[in-house]
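To keep things clear, I will list the structure first and then write my remarks on it.
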Number of protein chains: 2
Amino acid sequence: MCPADSPIADHLAVRPTSGSTTDQLRRNNLSKILTLIHREGALSRADLTRLTSLNRSTVGAIAAELAALGFVDERPPLDFRAGRPSPVVHPNERTVAVAVNPEVDAVHVGIVALGGVVLARSSVGIGPEASASEVVRIAAAEAHALLAELPGHRVFGAGIAVPGQVRIGDGQVREASHMGWFEEPVAAMFEAATGFPTFAANAAILAMRAESVFGAGKGVDNFVYVIGGASGIGGGMVSGGKIVTGAAGYAGEIGHTFVRSSGASCFCGAHGCLEAEVTQARLLQLVNLPPSQIAELGPALAASTEPAVRAAVAEDVALVAIAIRNAVNLFNPSVVVLAGFLAALMEGSGDDASAILPAEAVLAARESVRVERARFGADQLLIGAAELVFAGVLGDPSGYASSRA
Amino acid sequence: MCPADSPIADHLAVRPTSGSTTDQLRRNNLSKILTLIHREGALSRADLTRLTSLNRSTVGAIAAELAALGFVDERPPLDFRAGRPSPVVHPNERTVAVAVNPEVDAVHVGIVALGGVVLARSSVGIGPEASASEVVRIAAAEAHALLAELPGHRVFGAGIAVPGQVRIGDGQVREASHMGWFEEPVAAMFEAATGFPTFAANAAILAMRAESVFGAGKGVDNFVYVIGGASGIGGGMVSGGKIVTGAAGYAGEIGHTFVRSSGASCFCGAHGCLEAEVTQARLLQLVNLPPSQIAELGPALAASTEPAVRAAVAEDVALVAIAIRNAVNLFNPSVVVLAGFLAALMEGSGDDASAILPAEAVLAARESVRVERARFGADQLLIGAAELVFAGVLGDPSGYASSRA
DNA sequence: GTAATATGTTTGTCGTACCAACAAATCATC
DNA sequence: GATGATTTGTTGGTACGACAAACATATTAC
C-alpha cells in the first residue's frame with residue numbers, strides 16, 4: 001500500500017503494451033495489421049486473416065479503417081485461385097518519412113514510403129568542418145526539394161541516422177567525433193527547421209534496424225549486427241524480437257570491445273578496442289585502393305596472394321572473431337550479420353570466415369549461430385532512419401497526426 | 001499474397017503479446033494485476049487502480065476473480081486514512097512452486113510462494129559424481145517431504161537452476177561440466193518423477209532474475225548482472241524490461257569474455273576468458289580461507305595489507321573491468337550488479353570499485369551506469385527458479401491448470 | 001455529531017470481436 | 001457454357017469487457 005499522496009513510482013506503472021481498454025484493443029489490432037503490411041508488403045485479406053488469426057469480419061473492418069486513414073490501398077488480386085478473390089492490401093506509397101544521414105563529406109537525404117521503399121534520394125557534399133546547424137539547414141532544404149517532386153504525399157516525420165552517440169528520447173547528439181559534433185540537439189534543430197516530428201539515432205543501430213526488418217535479419221528474434229565504416233565499427237542487436245537500445249540509446253558499441261592486451265589506445269579513452277585495431281583505412285591501403293573504391297575492397301582482398309596481405313587479413317579476422325565470440329557468448333543470437341568493410345573482410349578472407357568468426361564462442365551458443373554478410377547496400381541507413389518515424393505510425397495508426405507535404 | 005496452401009512462415013504470425021479478442025483483454029488485465037501483486041507485495045485496490053489506470057469497477061472485478069481463483073487474498077487494511085478503507089490484496093501464500101538447485105556437493109530444494117517468499121528449504125549432500133537421475137530422484141523426494149509439511153498448498157510446477165547451459169523450451173541440460181552432466185533432460189526427468197510441470201534454466205540467469213524482480217535490479221529496464229561462484233563466472237541481462245535469453249537460452253556467458261591476449265586456456269576451448277583468469281579459488285587461497293568460509297572473503301580481502309594480495313586484487317579488478325566495459329558498451333545498462341565472489345572482490349578492493357569497473361566504457365554509456373553489489377543472498381536461486389513457474393501463472397492466471405500437493 | 005473525503009458497488013452503455021448465415025466470385029468438371 | 005465446389009467478403013445478431021455515473025459506505029477532521 002502506498003500512501004495516497006505519495007507519487008507512485010514510474011516503473012511500477014504498467015506500461016500500455018497491451019490494450020487494457022477496448023479502444024486500445026482496436027488500436028492494437030490496427031497496429032498489428034499495418035505492421036504486417038509494412039514488413040511483408042502487400043498481403044491479401046485472406047492472408048491477414050490467417051496470419052493474425054483474427055476473424056474474417058474483423059480483418060475486413062480493420063482493413064477498411066486503415067484504407068480510410070490512407071495507410072493502405074485495397075486492390076483486386078492479380079493472380080487468382082479457387083474461391084472468391086480476396087482484395088490485396090498494399091502499403092500506401094504516399095505515406096512517407098524523411099530520412100537524413102549526415103556523413104563526413106556529404107549529407108544524404110531520402111524520402112521513404114511505408115513498406116520501406118525509397119522513393120527519392122539525393123546527396124549534397126559538405127565541407128570537412130560543417131557545423132550541425134549548417135548540415136541541418138542543407139538537409140531541410142534538400143528534403144523540401146525532394147518533397148516538391150512528390151505532391152500529395154503525407155510526411156509523418158523525419159529520422160536522422162547519426163554516426164555517433166545519440167540520446168534516445170530527445171535525439172540529442174552526444175558525440176559524433178568524426179563530424180566534430182558534441183552535444184548538438186540535431187533532432188530538435190531539424191524539427192524546428194521543417195516542422196516534421198523528428199527522431200534521431202545512432203547510424204549503426206539504424207542500419208541494423210533496416211537489416212532486421214527487411215534484410216538478412218528479417219524474422220530473426222535474436223540477432224547481432226556489426227558494421228564497419230570509415231569512422232569505425234558499430235553495431236546493434238535484437239533480443240527477443242525487440243531492438244536493444246539500452247537505457248539511453250547508446251547500446252551496440254561493439255567497436256569498443258576489448259580485443260588486445262596492450263593494444264592501441266582508442267579515442268574513447270580505452271585501450272585495445274576493436275575499432276582501434278581493425279580499420280577500413282588500413283585494409284584499403286593494403287590493396288592500394290582509394291576510399292572511394294570501397295566497393296572493390298572485398299574482391300581485392302580475396303584476389304591478393306601477397307603474404308603481407310594474407311597475414312594482415314588473417315590477423316584482422318582473428319580480432320573481429322574475438323568481438324564476435326564475446327557477442328555470441330553474451331547474446332546467443334541465431335544470426336550474426338557483418339556489413340560494410342567487415343563484410344568485405346569476410347569476403348577477402350580465403351577461408352570460410354563464417355565458420356571461423358564464431359569458432360571460439362562456447363559450444364552451445366556457437367553450434368546454432370549463422371554468420372552472414374549484410375543484404376542491404378546503400379539504402380540501409382535511409383530505410384532504418386525512416387523506421388524511427390514509422391514505428392510511431394505503426395504503433396498507433398488511428399491516433400497519429402499527419403502533416404501534408 | 002501467399003498461395004492459399006503454402007504454409008505461412010511462423011515468424012510472420014503475430015505473437016499473442018497483446019490481446020486481440022476481448023477475452024484475451026481480460027486475461028491481460030488479470031495478468032497485469034497479479035504480476036503487480038507478485039512483484040510489489042500487498043497493494044490496496046485503490047493503489048491498483050492508480051497503478052494500472054483501470055477503472056475502479058474493473059479493478060474490483062479483477063481482484064474478485066483473482067481471489068476466486070485462489071491467487072490473492074483480500075484483507076482489511078491495517079492502516080487507515082481519510083475515505084473508505086480499501087481492501088488490501090495480498091499474494092496467496094498457498095500458491096507455490098518447487099525450486100531445485102543442484103550443486104556440486106549438494107542439492108538445494110525449496111518451496112517458494114507467490115510474492116517470492118521461500119516457505120521452506122532443505123539441502124541434501126550428494127557425492128562428487130552424482131548422476132543426473134540420482135540427483136533428480138533425491139530432489140523429488142525432498143520436494144515431497146517439504147510439501148508434506150505444507151498441506152493445502154497448490155503446486156503450480158517446478159523450476160530447476162542448473163549450473164550450466166540449459167536449452168530453453170525443453171529444459172535439456174546441454175552441458176554442466178562441474179556436475180559432470182552432458183545432454184541430460186533434467187526438466188523432463190523431474191517432471192516424470194513428480195508430475196509437476198518443470199522448467200529449467202541456467203543458474204546465473206535465474207539469480208539475475210531474482211535480483212531483477214525483487215532485488216537490486218527491481219524496476220530497472222536495462223540491467224546487467226554478473227555472478228562469480230566456485231564453478232566460474234556467469235551472468236544475465238535485462239534489456240527493455242525483458243530478460244535476454246538468446247535464441248536457445250544460452251545468453252549471458254559473460255564469464256567467457258575475452259580479457260587477456262595469450263591468456264590461460266579455458267575449458268570452453270578459447271583463450272583469455274575472464275573465468276579462466278579470475279577465480280574464486282585463487283582469491284580464497286590468497287587470504288588462506290577454505291571454500292566453506294566464502295562469506296568471509298570480502299572482509300578478508302579488504303583487511304589484508306599484504307602487497308601480494310593488494311596487487312592480485314587490483315589485477316583481478318582490472319580484468320573484471322574489461323568484461324564490464326564490454327558489457328556496458330554493448331548494452332548501455334543503467335545498473336550493473338555484481339554477485340558472489342565478484343561482490344567480495346568489489347568489497348575487497350580498497351578503491352571505489354563501483355567507479356573503477358566501468359571506467360573504460362565509452363563516455364555516454366559510462367556516465368549513467370551504477371555498479372552495485374547484489375542484494376540477495378542464498379535464496380536468490382530458489383526464488384529465480386520459482387520465477388520460471390510463476391511466469392506462466394502470472395501470464396495467464398485464469399487459464400492455468402493447477403495440481404494440488 | 002456533521003461535513004469532507006476516498007473508495008467500494010451497482011447499473012446501464014458503448015465498443016470490439018466473434019459467429020453464423022448469406023452472397024459473390026472464382027476454378028474444375030462435364 | 002452450365003453446374004457444383006470452394007473460398008472469401010458481407011451483414012446482422014450476440015457476448016463480453018471496460019467505462020461512467022450515481023449511489024452506498026467507512027473512515028478522518030472539525
Side-chain angles (χ1 to χ4, degrees), chain A residues 1-6 8 14 16 18-33 43-67 72 74-89 397-399, chain B residues 1-6 8 14 16 18-33 43-67 72 74-89 397-399:
Chain A
M1 268 194 334
C2 355
D5 51 353
S6 83
I8 291 177
V14 176
S18 55
S20 31
T21 97
T22 48
D23 146 297
Q24 280 172 313
L25 182 57
R26 182 51 165 275
R27 273 192 217 156
N28 245 307
N29 285 337
L30 284 169
S31 169
K32 266 186 197 171
I33 290 198
L43 290 166
S44 74
R45 276 208 218 167
D47 290 333
L48 289 170
T49 303
R50 278 186 288 271
L51 289 168
T52 58
S53 57
L54 290 171
N55 189 281
R56 279 214 293 273
S57 11
T58 308
V59 170
I62 289 177
E65 186 167 347
L66 288 174
V72 301
E74 289 195 292
R75 300 189 208 139
L78 295 178
D79 57 335
F80 298 102
R81 80 193 76 268
R84 177 171 175 172
S86 190
V88 179
V89 185
S398 61
Chain B
M1 270 198 330
C2 352
D5 51 353
S6 82
I8 292 178
V14 176
S18 56
S20 32
T21 95
T22 49
D23 145 299
Q24 279 171 313
L25 181 59
R26 182 49 165 272
R27 274 192 217 158
N28 246 305
N29 284 337
L30 283 169
S31 168
K32 266 186 197 171
I33 290 198
L43 290 167
S44 73
R45 277 208 219 165
D47 290 333
L48 290 170
T49 303
R50 277 185 289 271
L51 289 168
T52 57
S53 58
L54 290 171
N55 189 280
R56 279 215 293 274
S57 11
T58 309
V59 170
I62 289 177
E65 186 166 347
L66 288 174
V72 302
E74 289 194 294
R75 300 189 207 140
L78 296 176
D79 58 335
F80 298 101
R81 81 185 58 67
R84 178 171 174 173
S86 188
V88 178
V89 185
S398 62

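Numbers restart at 1 for each chain; the letters A, B, ... are given by sequence-line order, proteins then strands.
- Whole-Å rounding puts the B:Leu54 CG to C:dT7 C1' distance at 16 Å.
- Protein atom CG of B:Asp23 is 15 Å distant from nucleotide atom C1' of D:dT14, rounded to whole Å.
- A:Asp79 places its CG atom 16 Å from the P atom of D:dT7, with the value rounded to the nearest Å.
- Within the 3.5 Å criterion, the main-chain N or O of A:Arg45 finds a donor-acceptor partner in the side chain of A:Thr49.
- Looking at heavy atoms from C-beta onward, B:Arg26 lies out of side-chain contact with B:Asp23 at the 4.5 angstrom threshold.
- Side-chain atoms of B:Ser86 come within 3.5 Å of backbone atoms of B:Ala46 as a donor-acceptor pair (strictly under, hydrogens ignored).
- In terms of phosphate contacts, B:Asn29 brings a side-chain nitrogen or oxygen within less than 4.0 Å of OP1 or OP2 of D:dA18.
- For the pair B:Asn28 CG and D:dC16 P, the computed distance is 18 Å after rounding to whole Å.
- Between C:dC19 and A:Asn55, a contact under 4.0 Å exists linking OP1 or OP2 to a side-chain N or O.
- When the P atom of D:dG17 is taken as reference, atom CD1 of B:Ile33 falls 14 Å away, rounded to whole Å.
- The CZ atom of B:Arg45 sits 12 Å away from the P atom of C:dT7 (whole-angstrom rounding).
- Between the C1' atom of D:dG9 and the CG atom of A:Leu48 lies a distance of 14 Å, rounded to the nearest Å.
- For A:Arg56 against D:dG9, a side-chain N or O and a base N or O form a donor-acceptor pair under 3.5 Å.
- In this structure, of C:dA17, D:dT27, D:dG9, it is C:dA17 that holds the atom nearest to the side chain of A:Thr58.
- The nearest whole Å value for the distance from the CG atom in B:Leu25 to the P atom in D:dA15 is 19 Å.
- A:Ser57 contributes a side-chain N or O that forms a donor-acceptor pair with the base of C:dC19 under 3.5 Å.
- For the pair B:Thr58 and B:Thr52, the minimum side-chain heavy-atom distance is 4.5 Å or more.
- Residue A:Arg27 has no polar side-chain atom (N or O) positioned under 4.0 Å from OP1 or OP2 of C:dT16.
- By the 4.5 Å heavy-atom criterion applied to side chains, B:Leu30 and B:Ile62 are counted as neighbours.
- Applying the 4.0 Å criterion to OP1 and OP2 of D:dT8, one finds that A:Arg50 has a side-chain N or O inside that range.
- Take the nearest nucleotide of DNA chain C for A:Arg84 and for B:Arg84: the residue whose nucleotide is more 5' is B:Arg84.
- Two residues, B:Leu30 and B:Ala82, neighbour DNA chain D, and the one matched to the more 5' nucleotide by heavy-atom proximity is B:Leu30.
- Between B:Arg26 and D:dC16 there is no side-chain N or O to OP1 or OP2 distance below 4.0 Å.
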